[in-house]
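Here's the structure, in structure tokens; my notes come after.
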Amino acid sequence: MSLNPVEKPFRKTGDPVVLTSESPLHSRRKSRRIMVGPVPVGGGAPISVQSMTNTLTANVGATLQQIAELTAAGCDIVRVAVPSQDDADALPEICKKSPIPVIADIHFQSKYVFQAIDAGCAAVRVNPGNIRKFDEVGPSICKAATDAGISLRIGVNAGSLDKELYAKYGGPTPEALVASALKEAHMFEDVGFHDFKISVKHHDVITMVETYRLLASKGDWPLHLGVTEAGPAWQGTIKSCLAFGALLAEGIGDTIRVSLSAPPVEEVKVGCKLLEYMGLRPRKFDIISCPSCGRAQVDVIQLASAVTEGLKDITAPIRVAVMGCIVNGPGEAREADLGVASGNGKGQIFIKGKVIKTVPEDQIVDTLLTIANDIASQMEAEGKVPANATGPVVVPIQHPGH
């Protein structure tokens, strides 16, 4: 009997949902559909963005605050760590108040899995490789998940590969990681449980891509993409974009997490923008700017940085172009909703391809910010701003002496 009376409007896993999403680059891999709360995963459903809180889960207030921030950034599903009894005890309130589905991340202690299910979690991430006596408790976990109508996530990271498989394959090779994932999948399927997704993460881009390609060829499980221990924001973003881009371009992947040594909100921003640029989500707010070069007659780096920072809270789906010379500037600026082509100490301001004014260089930023905010306000008033719209990905530029 459930210890928690929380009622969530979750569908039973696997229910058919009309919502589908195709890639402009490649047909999506055919995978079965599961549900993570109200969010469909697999079966052609739109690719969801996940992140994980870095607060102490037992600190309910801090955890819910971070979940709210992640939701505002565009996160679809959030994972919370449950390494202790205090964390498990906090799950009912977190699940009840979270605006997005909560996945409990559980290792070692199987009792926390059952508590998470009773608490109203939308899904549970379990690691059969480190759950004590999983052969004995696995069927009970599957039954509890089935009764609650929730899904599970299984899978392996390179750092937690079974010792026997490590020795057999000589390390965390794609073959070793897939063998481990298949072993775990069969544990669930042998007792009739099919509502799970799989991840096979590695920190190396090439190994990760090869591993997911191999796993994708072995069955129709929904796949959670991730480059584990990807590194600090700059490095991790590059790794994740390369790996996810390669797989998504082949139609592989049903849900993603960009793992960064950075605030979780930054993971979500990168993940959302990645899907936008891959044509897998509608375009939202975007800034395009030219590189710095010898033709530029203004400080393009500083100009683009100032405009991006000034518009970081804009979520309306407008494209702003910041161009530094007359070669590509006018053409690119005209293609944008709003733009500037700079040179000779002034900037020509364009809206939808038409020059509306020319301003001195020192007024370019303020002019663009004012007009962009006016356009965004108008779009909001007309109901043209998508739900969960996100702002630009802002990468701070470090100037000498700062």
Side-chain angles (χ1 to χ4, degrees), residues 72-74 233-234 237 265-266 268-270 272-277 279 281-402:
W234 180 77
T237 294
V265 165
E266 298 306 311
V268 174
K269 289 180 180 179
V270 173
C272 289
K273 284 301 173 188
L274 170 63
L275 294 180
E276 286 180 39
Y277 295 146
R281 282 199 175 192
R283 178 178 67 84
K284 298 177 183 176
F285 183 82
D286 194 21
I287 290 181
I288 58 175
S289 59
C290 63
S292 177
C293 76
R295 294 193 305 268
Q297 297 176 336
V298 296
D299 186 341
V300 178
I301 297 175
Q302 180 59 37
L303 182 60
S305 178
V307 172
T308 302
E309 176 64 26
L311 298 178
K312 65 182 180 181
D313 295 323
I314 294 290
T315 58
I318 60 177
R319 176 176 286 131
V320 179
V322 180
M323 312 305 293
C325 79
I326 60 172
V327 176
N328 294 319
E332 291 286 357
R334 287 190 178 95
E335 290 298 315
D337 299 298
L338 168 65
V340 61
S342 308
N344 296 322
K346 58 187 178 182
Q348 287 187 317
I349 308 297
F350 293 83
I351 293 182
K352 297 291 187 181
K354 295 182 179 180
V355 178
I356 61 166
K357 66 172 66 176
T358 299
V359 299
E361 184 177 329
D362 61 1
Q363 296 179 23
I364 290 175
V365 173
D366 287 342
T367 302
L368 285 177
L369 299 187
T370 298
I371 297 175
N373 277 287
D374 288 344
I375 294 174
S377 296
Q378 181 64 31
M379 295 186 74
E380 289 175 2
E382 296 173 354
K384 295 180 179 179
V385 179
N388 296 324
T390 56
V393 176
V394 179
V395 180
I397 296 176
Q398 298 297 323
H399 298 285
H402 287 210

Considering all heavy atoms, the nearest [X]-[Y] contact:
X	Y	value
A336	A321	CB-CB, 3.7 Å
V340	G347	CG2-CA, 3.9 Å
A73	V265	CB-CG1, 3.9 Å

Distance check, rounded to the nearest 0.5 Å: [X] atom [atom1] versus [Y] atom [atom2]?
X	Y	atom1	atom2	value
T358	F350	OG1	CZ	8.0 Å
N344	E361	CG	CD	10.0 Å
Q378	I318	CD	CD1	12.0 Å
I351	L338	CD1	CG	6.0 Å
I371	I349	CD1	CD1	6.0 Å
Q348	K354	CD	NZ	15.5 Å

Going by heavy atoms in the side chains, are [X] and [Y] under 4.5 Å from each other?
X	Y	value
L303	I364	yes
N373	I314	yes
V359	K346	no

Where the side chain of [X] meets the backbone of [Y], is there a donor-acceptor pair that is under 3.5 Å apart?
X	Y	answer
D286	R319	no
E276	K284	yes
T370	D366	yes
S342	M323	yes

